Protein chains: 2
Amino acid sequence: MATPALQETIEEVKEIFRSYLKTNGHRQTPERFMVLEEIYKADGHFDADDMFFKMKDTGYRVSRATVYNTLDLLVECGLVQRHQFRQNQSYYERAYSYRQHDHVICDDCGAIIEFCDPRIFEIQSMIQKIHDFDISGHSLHFYGKCNDPQTCTRKSDLKRKSTKEQE
Amino acid sequence: MATPALQETIEEVKEIFRSYLKTNGHRQTPERFMVLEEIYKADGHFDADDMFFKMKDTGYRVSRATVYNTLDLLVECGLVQRHQFRQNQSYYERAYSYRQHDHVICDDCGAIIEFCDPRIFEIQSMIQKIHDFDISGHSLHFYGKCNDPQTCTRKSDLKRKSTKEQE
DNA sequence: CTGGCTGCAAAGGTTTTGCAAAACA
DNA sequence: TGTTTTGCAAAACCTTTGCAGCCAG
């Protein structure tokens, strides 16, 4: 698993975001920086609703609309990556100062393992040549069963998170 | 691009589906076989709504619920593959007697190119060994810009298909 | 100031569900 | 005949949008 970002990393990404916003004529609102900070303070994968509730917990409440808006901006400027692990829901993770990687997903418990293999890039450059295609990114997932008895008993991880509203 | 399946292929997949339904205690309804036939008569990628309207066109009308139900069964028995090319929508394609392949997707016009590279399977078996994970499948997409002036001018391909209801 | 941004709630698009009627086994 | 499955419509789910008010520049 990834380790949480250091304070200096947080300052770096804020600077990058600041610069991105300025260059593209977007405003630097406190909400946007709070979301960015929250993403880089923690670690791992999250969805928009996770972020909505995380923000709620900080006491600095933002609306879902702002969460979505900010995540879009962060994806656009490359500080956050968007993934489609399962159907019909986007997952996100921080992307700065964190190695490029892909994911192995357990169909039973939803556990996510990260890996990196340089052969992907070999394939990418081959495709690029053969098909005259400018490739800007990729997504590679392997699906299956993790044989981890500890993790894979908590199948509840895959359930709907409707309990989140309860707080 | 793929070529439409032959009549004999259609008979084969029907037989496979029949057997799957029987084995798993599902009923063999005409709706299910009509959907399967429609999938194998044509070629390429489609979403649930495409299939709903295709069925409508055949005169043998089925409900959306049945389309979704049948697609789930077909994915489960391996005759159809489900993809997440873009956010919030599943795409499908037939999977029998059709080579294993992955996809390159144009962000501008939505064009999809298929490719196959054996290195994916090398990566897969490596992951399998390292992480003690039983991998049952994968999904690999490359995203970028196709440099095809003919295709890439029809950007309308990516628009919402709200016009479909008009017929 | 003033146009972009926010929060809220309502709408949007895709998928799932509930229920009575139909139909497979 | 007894359950699945169907069709229909309503609900659920995630995401986007509309709008009045707010605030960064």
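Residue numbers start from 1 in every chain, and the chains themselves are labelled A, B, ... in the order their sequence lines are given, proteins ahead of strands. Note that the structure is a prediction, hence the values are computed from the model and not measured.
- Under a hydrophobic clustering in which Ile, Leu, Val, Met, Phe, Trp and Tyr are joined whenever their side-chain heavy atoms come within less than 4.5 Å, directly or via other members, B:V75 and B:M55 fall into the same cluster.
- Regarding contacts with the backbone of D:dT4, every side-chain N or O of B:T29 stays at 4.0 angstrom or more from both OP1 and OP2.
- Partners of A:Y60 according to the ring-ring contact (aromatic ring centres under 6.0 Å, His included) rule, which considers only residues two or more places apart in sequence or in another chain, do not exist here.
- For the pair B:H26 and D:dT4, the criterion of a side-chain N or O lying under 4.0 Å from OP1 or OP2 is not met.
- The closest donor-acceptor contact from the side chain of A:Y40 to the backbone of A:L79 lies under 3.5 Å.
- Nearest to the side-chain atoms of A:R32 among the listed nucleotides C:dT6, D:dT6, C:dA25 stands C:dT6.
- The rotation axes computed at either terminus of the helix from C:dC1-D:dG25 to C:dA25-D:dT1 lie 40° apart, taking five pairs at each end and rounding to 10 degrees.
- Side chain of A:T66 to backbone of A:V62: no donor-acceptor contact under 3.5 angstrom is found.
- With hydrogens and angles ignored, the 3.5 Å screen pairs no side-chain donor or acceptor of A:N24 with any backbone N or O of A:L21.
- Residues satisfying the salt bridge (charged side-chain N to carboxylate O under 4.0 Å, His left out) criterion with A:E15, sequence neighbours excluded, are A:R18.
- Within the 4.5 Å cutoff, the side chain of A:L6 has no heavy atoms near those of the A:I10 side chain.
- Here the C1' atom of nucleotide D:dC14 and the CZ atom of A:F53 are 13 Å apart, to the nearest Å.
- Here C:dT14 presents its P atom at 6 Å from CG of B:D49, a figure rounded to the nearest Å.
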Return all side-chain donor-acceptor pairs below 3.5 angstrom for residues 29-36 of chain A, not counting sequence neighbours, or 'none' if the list is empty.
residue: A:T29; atom: OG1; partner: A:R32; partner atom: N; Å: 3.3
residue: A:R32; atom: NH1; partner: A:R27; partner atom: O; Å: 2.8

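- Remark: P of C:dT14 and CD of B:Q89 are 5 Å apart, rounded to the nearest angstrom.
- Atom CG in A:N24 sits roughly 14 Å away from atom P in D:dG25 (whole-Å rounding).
- The aromatic rings of A:F17 and A:Y20 sit parallel to each other, their planes meeting at less than 30°, with 60° as the upper class boundary.
- Checked against side chain to side chain donor-acceptor pair (under 3.5 Å), A:K145 has the following partners two or more places apart in sequence or in another chain: A:D108.
- Residue A:F17 contributes atom CZ, which lies 15 Å from atom P of D:dA24 at whole-angstrom precision.
- Distance B:M34 CE to D:dT5 P: 19 Å, rounded to the nearest Å.
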Side chains of residues 128-136 of chain A: which donor-acceptor pairs under 3.5 Å do they make with residues two or more places apart or in other chains?
residue: A:Q128; atom: OE1; partner: A:I135; partner atom: N; Å: 2.8
residue: A:D132; atom: OD1; partner: B:N147; partner atom: ND2; Å: 3.3
residue: A:S136; atom: OG; partner: B:Y143; partner atom: O; Å: 3.2

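- For A:F85, the ring-ring contact (aromatic ring centres under 6.0 Å, His included) partners at least two apart in sequence or on another chain are A:H45, A:H83, A:Y91, A:H103, A:H141.
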Anything under 3.5 Å between a protein N or O and an N or O of nucleotides 7-11 of chain C, put it in a table, one pair a line.
residue: C:dG7; atom: OP1; partner: A:R61; partner atom: O; Å: 3.2
residue: C:dG7; atom: OP2; partner: A:S63; partner atom: N; Å: 2.9
residue: C:dG7; atom: OP2; partner: A:S63; partner atom: OG; Å: 2.8
residue: C:dG7; atom: OP2; partner: A:T66; partner atom: OG1; Å: 2.3

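- A:Q28 comes within 4.0 angstrom of sugar-phosphate atoms only, judged by non-hydrogen atoms across all strands, and of no base.
- Near DNA chain D, defined here as any heavy-atom distance below 4.0 Å, the residues from residues 69-80 of chain B are B:N69, listed numerically.
- Sorted by first and then second residue, the salt bridge (Lys or Arg N to Asp or Glu O under 4.0 Å) pairs involving residues 72-82 of chain A (not counting sequence neighbours) are A:D72-A:R82.
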Report, one pair per line, the protein and nucleotides 20-22 of chain C atoms (nitrogen or oxygen only) whose separation is under 3.5 Å.
none

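- Rounded to a whole Å, the OH atom of A:Y68 is 18 Å from the P atom of C:dG12.
- Atom CZ of B:R86 is separated from atom C1' of C:dG13 by 15 Å (rounded to the nearest Å).
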Side chains of residues 117-127 of chain A: which donor-acceptor partners sit under 3.5 Å, not counting sequence neighbours?
residue: A:D117; atom: OD1; partner: A:R119; partner atom: N; Å: 2.8
residue: A:D117; atom: OD1; partner: A:R119; partner atom: NE; Å: 3.0
residue: A:D117; atom: OD2; partner: A:R119; partner atom: NE; Å: 3.4
residue: A:D117; atom: OD2; partner: A:R119; partner atom: NH2; Å: 2.8
residue: A:R119; atom: NH1; partner: B:E122; partner atom: OE1; Å: 3.4
residue: A:E122; atom: OE1; partner: B:R119; partner atom: NH1; Å: 3.4
residue: A:S125; atom: OG; partner: A:F121; partner atom: O; Å: 3.0
residue: A:S125; atom: OG; partner: A:E122; partner atom: O; Å: 3.2

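- For B:G25 and B:N88, each mapped to the nucleotide of DNA chain D holding its nearest heavy atom, the one lying further toward the 5' end belongs to B:G25.
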